[in-house]
Amino acid sequence: MEQYRTRPARYGPRRDRPRSSLPPQAKRGVGGAESGVAVRRTAPASAAPTVGRLPNPRLTGLGSGLFCGLVMFLLGGVCAVLFGASLTAYGVLFLPVCVLTAVWVRRGDLMIAPVVVPIAFAVGLLPMADGEGGTGGRLMGLVTALATQAGWLYGGTLVAGLIVLVRRIRLVHRRRAAAATAAAGARPPA
């Protein structure tokens with residue numbers, strides 16, 4: 001069976017340089033020196049963690065779903081124990097989780113945040129759902145809680161959607177500006 005090219009042509013070899021059999025890392029010596037002497041490099045000063053800065057993780061689509069679902073499940077358990085299964089407290093705690101999920105998802109998976117947030121809301125209601133009589137009663141309690149707390153659910157989804165939308169618009173503008181700058185630099189002077 002033939003193996004067709006999977007990478008787009010724009011990532012092909014550069015035409016302005018002669019093609020070499022070695023990757024760029026192998027062409028330069030250790031530490032950038034051609035002599036072969038091992039040089040230990042230290043991390044730049046900007047890489048050191050600063051005190052007081054908030055974490056800035058970048059979660060994949062799956063990671064943001066797991067993060068949001070796990071945090072909401074834990075918050076649901078905490079609300080059930082500490083607040084007597086207060087759905088209002090759960091709804092209030094849901095909003096910051098929506099914001100963190102939308103802010104921490106990586107650029108390539110931006111549109112996943114408004115999808116995983118409502119799923120996580122339902123997952124977090126599992127420890128809090130009232131119900132007697134087995135699985136059917138528990139499911140009825142979950143559906144009732146989802147129906148009565150729809151305002152929090154829609155609000156959190158809207159917040160996540162707006163944050164993702166703003167991030168996406170900024171990303172598109174940044175890419176267009178970079179492309180315009182590159183195109184302006186590639187034009188021959190008149």
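In this structure, T148 contributes its side chain and A145 its backbone to a donor-acceptor pair below 3.5 Å. At least one donor-acceptor pair under 3.5 Å links the side chain of Y90 to the backbone N or O of F121.
Residue L153 is grouped with residue V92 when hydrophobic side chains (ILVMFWY) are merged at heavy-atom distances under 4.5 angstrom, including chains of intermediate members. Following chains of ILVMFWY side-chain contacts shorter than 4.5 Å, one cannot reach V71 starting from V78, and the two form parts of different hydrophobic clusters. Cluster membership for V116 and L70, using ILVMFWY side-chain heavy atoms within less than 4.5 angstrom, is not shared. Follow the hydrophobic side-chain contacts under 4.5 Å out from L95 and you reach V103 in the same cluster.
Here the side chains of W152 and T88 are in contact, with some heavy-atom distance below 4.5 Å. Side-chain contact between L125 and L87 is present, with heavy atoms from C-beta onward closer than 4.5 Å.
The minimum heavy-atom distance linking V97 with L93 is given by the pair CG2-O, 3.5 Å. Taking all atoms of both residues into account, the shortest heavy-atom contact from V105 to S64 is CG2-OG, 4.0 Å. Annotation for G141 and A129: closest pair C-CB, 3.9 Å, computed over non-hydrogen atoms. Smallest separation of non-hydrogen atoms from R106 and T60: NE-CG2, 3.7 Å. The two atoms that bring A102 and V164 nearest to each other are CB-CG2, 4.0 Å, heavy atoms only. Nearest heavy-atom pair across C98 and V117 is SG-CG1, 3.1 Å.
For R174, the CZ atom counts as densely surrounded, since its 6.0 Å shell holds more than 12 non-hydrogen atoms of other residues, nucleotides or ligands.
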Do R167 and L110 pass the side chain to side chain contact (heavy atoms under 4.5 Å, CB included) test, and can you show the C-alpha distance, the side-chain angles, and the key distance before you say yes or no? CA-CA 8 Å; R167 285 186 61 198; L110 273 178; 3.4 Å; yes

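To the nearest 0.5 Å, atoms CE (M72) and CZ (F67) are separated by 10.0 Å. To the nearest 0.5 Å, atom CG of residue L66 and atom CZ of residue F73 are 13.5 Å apart. How far OG1 of T135 is from CE of M140: 13.5 Å, rounded to the nearest 0.5 Å. Rounding to the nearest 0.5 Å gives a distance of 10.0 Å between SG of C68 and CG of L59.
In this view, R168 satisfies the side-chain hydrogen bond (donor to acceptor under 3.5 Å, both in side chains) rule with no residue, not counting sequence neighbours. By the side chain to side chain contact (heavy atoms under 4.5 Å, CB included) test, L158 pairs with L162, sequence neighbours left out.
None of L165, V159, V166 except one satisfies the side chain to side chain contact (heavy atoms under 4.5 Å, CB included) rule with I163; the exception is V159.
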